[in-house]
Number of protein chains: 2
Amino acid sequence: MLELAVLGLLSESPLHGYELRQRLKATLGAFRAFSYGSLYPTLRRMRASGWIAEHEGDAEVVAGAPALTGRRGKVVYELTAEGKERLAELLAEAGPSAWEDESFGVHFAFFSQTAPEVRVRILEGRRSRLEERREGARSSLKRASSRMDRYTLQLQEHGLESVEREVRWLTELIETERSAGTTPPHPADPQ
Amino acid sequence: MLELAVLGLLSESPLHGYELRQRLKATLGAFRAFSYGSLYPTLRRMRASGWIAEHEGDAEVVAGAPALTGRRGKVVYELTAEGKERLAELLAEAGPSAWEDESFGVHFAFFSQTAPEVRVRILEGRRSRLEERREGARSSLKRASSRMDRYTLQLQEHGLESVEREVRWLTELIETERSAGTTPPHPADPQ
DNA sequence: ATGCGATGTATCGCTCCGATACATCGGAGC
DNA sequence: GCTCCGATGTATCGGAGCGATACATCGCAT
């Protein structure tokens, strides 16, 4: 997952670790954080795989500053050609690995780089996944709500409403996606 | 986390692994799953710590069924005295470890076994946590929404609304909690 | 009888998190 | 000028939890 996120972000511009983390937080928001404890090892792994290259991006020593103090410069990462291929490959995936809880947000965040058919497939996959969960929650509530204590019940209901809300959201997105795909060569940017 | 969930469930009745997993799904619903890959190791660990004891619970031989075949019986776990103490200890915790994303649901699910003051502290802690996140999301939206593509924007907005929704939910719960407390000629305690 | 889905216990490799460590930089306040 | 502090910046370690997988039994439908 982190791999996709990193590839996606670096495809916009080269970044160093810290910036990457900031962008991750800003882009994925509430859905996923990704700590340095996974970021740095992932960058290392991706470098070893050849998806990214690092270059000493210290830059800005301005003029004469000798920098004799072995100050460590920022390590800036950028996509390699293989990395771009890898990104395309990951963005083309339209299976469960794209619509499960942990991964959906990341895939969605890079939808503008994703093929329209793939977008719809992922949105629909995500929706069915949530519909299953919704039905499970509903029948669980019907079956056992009398045996549940107040708090368990509250938790179940809140969870169910969250799922219902997300299903509605997805349905809207799918409709937008469909109508944008078929009708207009001229996107007057609805909404 | 799993440890608390297991202790909480076993405090209601002894269960074997498979049942435990079912109850976990039913109780925590959408919030948390917990796979066997963590359940069994956790049970082992808890057994080693002395919180739980396992007893050969083949049970259900109904009437005369001999069951001579060395069939492996279910392994039924039950709380020990130390386990009950441990549960009480965990339920009394009212710090960040109780209101972070991963843990809040589990703590909430066992609120009926939790002291009323602790319940309120946890709900409030959770709410401030989410309020921070909400402010972060809001300022991020204000600051950068023009630079975001359509999908990133959608994701941010959906995330923000989810957080706002959960804050409202928590506020209701806190109010209910306070008014149910019947003890409160003494609100005191700002923050 | 045969196979199939639910029940049941268990492990392995992996990703990711939280805590921690350490170093530099720019500015605020003394 | 000096010192502290929070933001920037890179990095590791231990542990929790997940998904896949394996294997065996049970009851039921075909």
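All chains are named by letter (A, B, ...) in the order of the sequence lines, taking the proteins before the strands, and each is independently numbered beginning at 1. The model shown is predicted, which means the values in this text are computed figures rather than measured ones.
Rounded to whole angstrom, the span from the NE2 atom of A/His16 across to the C1' atom of D/dA11 amounts to 14 Å. Put simply, CZ on B/Arg21 is 13 Å from P on D/dG17, counting in whole angstrom units. Distance B/Tyr40 OH to C/dT7 P: 12 Å, rounded to the nearest Å. B/Phe31 has its CZ atom 15 Å from the P atom of D/dC18, to the nearest Å. Separating the CD atom of A/Glu19 from the C1' atom of D/dT10 is a distance of 14 Å, rounded to the nearest angstrom. Here the P atom of nucleotide D/dG17 and the CG atom of B/Leu28 are 12 Å apart, to the nearest Å. Atom pair A/Lys74:NZ and D/dA11:P shows a separation of 14 Å (rounding to whole Å applied). Across the protein-nucleic acid pair, A/Gln22 atom CD and D/dT10 atom C1' stand 13 Å apart, rounded to whole Å.
For the ring-ring contact (aromatic ring centres under 6.0 Å, His included) test, residues two or more places apart in sequence or in another chain that qualify with A/Tyr151 are B/Phe108, B/Phe111. Partners of A/Glu166 by salt bridge (charged side-chain N to carboxylate O under 4.0 Å, His left out), not counting sequence neighbours, listed by chain and number: A/Arg126. The side chain to side chain donor-acceptor pair (under 3.5 Å) check on A/Ser13 picks up nothing, with sequence neighbours excluded.
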Assess the residue pair A/Glu82 and A/Arg86 against the criterion (side chain to side chain contact (heavy atoms under 4.5 Å, CB included)); give the C-alpha distance rounded to whole Å, side-chain angles, the decisive distance to 0.1 Å, and a yes or no. CA-CA 6 Å; A/Glu82 291 102 322; A/Arg86 177 67 177 151; over 6 Å; no
Set out, in order, the CA-CA distance, both residues' side-chain angles and the distance that settles side chain to side chain donor-acceptor pair (under 3.5 Å) for B/Thr171 and B/Arg127, then state yes or no. CA-CA 8 Å; B/Thr171 299; B/Arg127 186 174 54 176; 3.1 Å; yes
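If you check D/dA11, C/dT9, C/dA10 against the side chain of B/Tyr18, the one that comes closest is C/dT9.
Applying the 4.0 Å criterion to OP1 and OP2 of C/dT11, one finds that B/Arg44 has a side-chain N or O inside that range.
Among the candidates B/Glu164, B/His158, B/Gln156, the single residue satisfying the side chain to side chain contact (heavy atoms under 4.5 Å, CB included) test with B/Leu160 is B/Glu164. Of the residues A/Trp169, A/Trp99, A/Phe104, the one that meets the side chain to side chain contact (heavy atoms under 4.5 Å, CB included) test with A/Leu123 is A/Phe104.
With the end axes of the helix from C/dA1-D/dT30 to C/dC30-D/dG1 each set by five pairs, the angle from one to the other reads 30° at 10° resolution.
In this structure the side chain of B/Leu79 reaches within 4.5 angstrom of the side chain of B/Ile52, judged on heavy atoms.
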Between protein and nucleic acid, restricted to nucleotides 15-19 of chain C and to nitrogen or oxygen atoms under 3.5 Å apart, what atom pairs and distances do you find?
| from | atom 1 | to | atom 2 | distance (Å) |
| --- | --- | --- | --- | --- |
| C/dC16 | OP1 | A/Met1 | N | 3.4 |
| C/dC16 | OP1 | A/Leu2 | N | 3.2 |
| C/dC17 | OP1 | A/Phe34 | N | 3.2 |
| C/dC17 | OP2 | A/Ser35 | N | 2.9 |
| C/dC17 | OP2 | A/Ser38 | OG | 2.8 |
| C/dC17 | N4 | A/Gly37 | O | 3.2 |

Just list the side-chain donor-acceptor pairs under 3.5 Å for residues 21-33 of chain B, sequence neighbours left out, or say none.
| from | atom 1 | to | atom 2 | distance (Å) |
| --- | --- | --- | --- | --- |
| B/Arg21 | NE | B/Phe34 | O | 2.6 |
| B/Thr27 | OG1 | B/Arg23 | O | 2.6 |
| B/Arg32 | NH1 | B/Glu102 | O | 3.3 |

